[in-house]
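Just so we're on the same page: letters track the sequence lines, and every chain starts at 1. Computed from heavy atoms alone, side chains included, the values below leave out hydrogens, waters and symmetry copies.
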Amino acid sequence: MNYWLVKSEPFKYSWDHFVAEGKSMWDGVRNYQARNNMMAMKAGDLVLFYHSNEGKEVVGLAKVAKEHYPDPTTDDPRWVVVNLVPVEKFPKTVTLAYMKSDERLKDMALIKQSRLSVIPLKAEEFDLIVALAHE
DNA sequence: GCCAACGTTGGC
DNA sequence: GCCAACGTTGGC
């Protein structure tokens with residue numbers, strides 16, 4: 001089991017929209033590092049859903065429903081998508097400001113590489129964020 | 001709205 | 001293969 005965090009701008013694709021649809025094909029990733037992370041996702045892996053720009057907080061939990069396959073929105077064979085399904089809307093969001101302030105989270109790729117949109121998490125980081133989201 | 005960080009492109 | 005120019009992302 002691996003843990004991930006995906007970013008989405010809520011104006012383009014919000015958590016609420018994701019829940020309303022019940023699933024999501026995570027397309028539009030055009031960055032090799034993010035692509036490589038998606039290719040490493042396994043069905044059942046858990047994924048934190050983060051709102052960038054507006055909110056700047058982790059809002060919910062998703063899981064990988066289908067492993068990577070070619071991105072149908074482009075003819076370019078380099079890019080892939082995965083399918084995600086919502087698991088849980090967190091009772092409490094975890095903000096970027098908090099994550100930056102916590103010693104245990106300051107090495108997260110989310111903070112160190114702010115432009116990466118698909119980010120691997122350590123189990124400890126994942127567990128801590130989920131715990132904070134339920135406080 | 002600005003700007004820093006960083007990835008990509010293209011000329012040489 | 002290097003590097004300058006440029007575009008995009010995302011925090012502030």
Which word best sums up how the rings of A:His134 and A:Phe90 line up, parallel for under 30°, tilted for 30 to 60°, or perpendicular for over 60°?
perpendicular

Between A:Val64 and A:Asn83, does a side chain to side chain contact (heavy atoms under 4.5 Å, CB included) hold up when you go through it step by step?
CA-CA 6 Å; A:Val64 178; A:Asn83 286 3; over 6 Å; no

Just how far, in rounded Å, is [atom2] of [N] from [atom1] of [X]?
X	N	atom1	atom2	answer
A:Leu96	C:dG10	CG	C1'	10 Å
A:Arg78	B:dT9	CZ	C1'	12 Å
A:His51	C:dG11	NE2	P	12 Å
A:Leu110	C:dG11	CG	C1'	11 Å

Under 4.0 Å between a side-chain N/O of [X] and OP1 or OP2 of [N], yes or no?
X	N	answer
A:Lys100	C:dC12	yes
A:Tyr50	C:dG11	yes
A:Lys7	C:dG10	yes

Report the nucleotide, chosen from B:dA5, C:dG11, B:dT8, that has the shortest atom-to-atom distance to any side-chain atom of A:Tyr32.
B:dT8

Check for a donor-acceptor pair, side chain of A:Lys7 on one end and backbone N or O of A:Leu116 on the other, with a separation under 3.5 Å.
yes

Result for ring-ring contact (aromatic ring centres under 6.0 Å, His included) between A:Trp79 and one of A:Trp26, A:Tyr32, A:Tyr69 points to A:Tyr32

